[in-house]
Amino acid sequence: MRPCQLHTWDLSPTEAIAVQLQLRDQVIRCDDFGEIKTVAGADLGIRGSLATAVISVLSYPSLVLVDQSVVKTAVQFPYIPGLLSFREIPPLLQAFDQLQTIPDLIILDGHGVAHPRRFGLASHLGLILDWPTIGCAKSRLFGTYQEPELEKGSYRFLHDRDQNVIGAAVRTRSQTKVVFVSTGHRVSLDSAVRLTLACCPRYKLPETTRYAHRLASN
DNA sequence: GCGACAG
DNA sequence: ATCTTGTCGC
């Protein structure tokens with residue numbers, strides 16, 4: 001899981017968009033992973049310009065915390081819808097570098113291919129690490145969908161303007177708002193939905209994300 | 001031109 | 001994301 005230097009990070013928003021368009025075709029939307037025994041959650045907490053990057057690794061499917069890493073560093077890129085990865089990946093890579101355990105799968109707090117250029121945070125990090133990733137966002141960035149049934153496990157596909165499927169609005173908990181699941185890299189949408197639901201035994205968000213989020217924002 | 005817009 | 005109190009619902 002060695003990070004691959006696909007590009008530099010001192011980019012202007014215009015250059016960042018060019019990078020996304022250049023890398024988007026390398027994303028693998030099919031299953032390309034082995035047995036899942038551990039799943040990692042990654043998240044960033046930001047206070048002013050100081051970012052706290054956290055990676056939490058849980059056993060799967062038991063979902064017990066087995067490893068965690070925390071790194072505090074300065075953020076270098078502003079938050080711009082569609083360019084979130086350029087703000088969050090540098091700090092997250094530092095946290096992954098400090099991690100002792102190599103997780104079999106990573107679930108990100110953001111979108112994968114459910115993105116205006118089909119290259120959200122989960123796809124970008126997946127490509128850099130060449131590792132299986134899933135995007136699981138709390139709100140929609142791009143695409144249209146219809147509300148799924150209110151029962152846990154229900155979901156409806158997210159479509160782009162040409163009706164291509166780019167993700168799914170998934171009810172991970174009954175009577176609660178949906179989360180948006182999409183392929184990050186090397187995980188099909190079907191597997192992404194199945195694995196995400198398996199990581200949500202009680203709450204709307206995956207346990208992985210909850211663990212990372214808790215440490216990152218306190 | 002107006003609205004939408006992951007975290 | 002962060003700034004912030006109480007409040008509605010399971």
Side-chain angles (χ1 to χ4, degrees), chain A residues 9 13-14 16-17 19-20 23-24 27 40-56 70-95 106-128 133-145 150-152 157-161 166-185 187 189 192-193 196 200-206 208-218:
Chain A
W9 295 98
T14 300
I17 289 175
V19 165
Q20 295 180 319
L23 300 176
R24 55 186 289 182
V27 174
D43 195 28
L44 267 202
I46 296 177
R47 277 179 157 176
S49 68
L50 180 64
T52 300
V54 178
I55 309 296
S56 299
V70 184
V71 169
K72 291 184 182 299
T73 184
V75 288
Q76 299 289 353
F77 198 89
Y79 169 66
I80 300 173
L83 299 179
L84 178 66
S85 63
F86 294 89
R87 177 177 176 80
E88 302 209 337
I89 289 182
L92 290 180
L93 286 179
Q94 289 187 42
I106 305 167
I107 298 181
L108 282 300
D109 193 7
H111 294 98
V113 300
H115 176 279
R117 290 170 290 282
R118 313 297 185 276
F119 200 69
L121 171 65
S123 297
H124 196 163
L125 181 68
L127 209 55
I128 287 176
T133 59
I134 289 173
C136 180
K138 296 181 292 297
S139 61
R140 187 198 71 95
L141 169 65
F142 182 80
T144 58
Y145 70 101
L150 297 176
E151 295 70 41
K152 174 179 181 176
F157 291 127
L158 244 187
H159 302 271
D160 64 12
R161 297 184 183 80
I166 57 174
V170 184
R171 196 79 67 188
T172 49
R173 180 181 179 174
S174 295
Q175 302 292 137
T176 303
K177 290 201 308 176
V178 297
V179 294
F180 299 84
V181 177
S182 60
T183 288
H185 186 52
V187 181
L189 177 56
V193 170
T196 296
C200 300
R202 181 172 163 100
Y203 300 103
K204 168 191 173 184
L205 296 178
T208 45
T209 309
R210 287 166 42 74
Y211 269 91
H213 193 285
R214 183 188 320 175
L215 255 192
S217 56
N218 274 311

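In what follows, chains are A, B, ... by sequence order, proteins preceding strands, each numbered from 1.
- Distance CG (A:Leu50) to P (C:dT2): 11 Å, rounded to an integer number of Å.
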Inset, instruction - Go along nucleotides 1-7 of chain B 5' to 3' and tag each nucleotide: B for a protein heavy atom under 4.0 Å from its base, S when only backbone or sugar atoms are that close, - otherwise. - result: ---SBBB
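- Within the nucleic acid shown, A:His124 has no heavy atom closer than 4.0 Å to any nucleic acid atom.
- In this structure, A:Asp43 does not pair ionically with A:Arg214, as no charged nitrogen and carboxylate oxygen lie closer than 4.0 Å.
- Taking the six-membered ring where the residue is Trp, A:Tyr145 and A:Phe180 present perpendicular rings, their angle passing 60° and hence far from 30°.
- Relative ring orientation between A:Trp9 and A:His124 is described as parallel, the plane-to-plane angle staying below 30° on a 0-90° scale split at 30° and 60°.
- Side-chain contact, A:Thr52 with A:Lys72: a donor N or O sits under 3.5 Å from an acceptor N or O.
- Atom CZ of A:Phe157 and atom CG of A:Leu189 lie 5.5 Å apart (nearest 0.5 Å).
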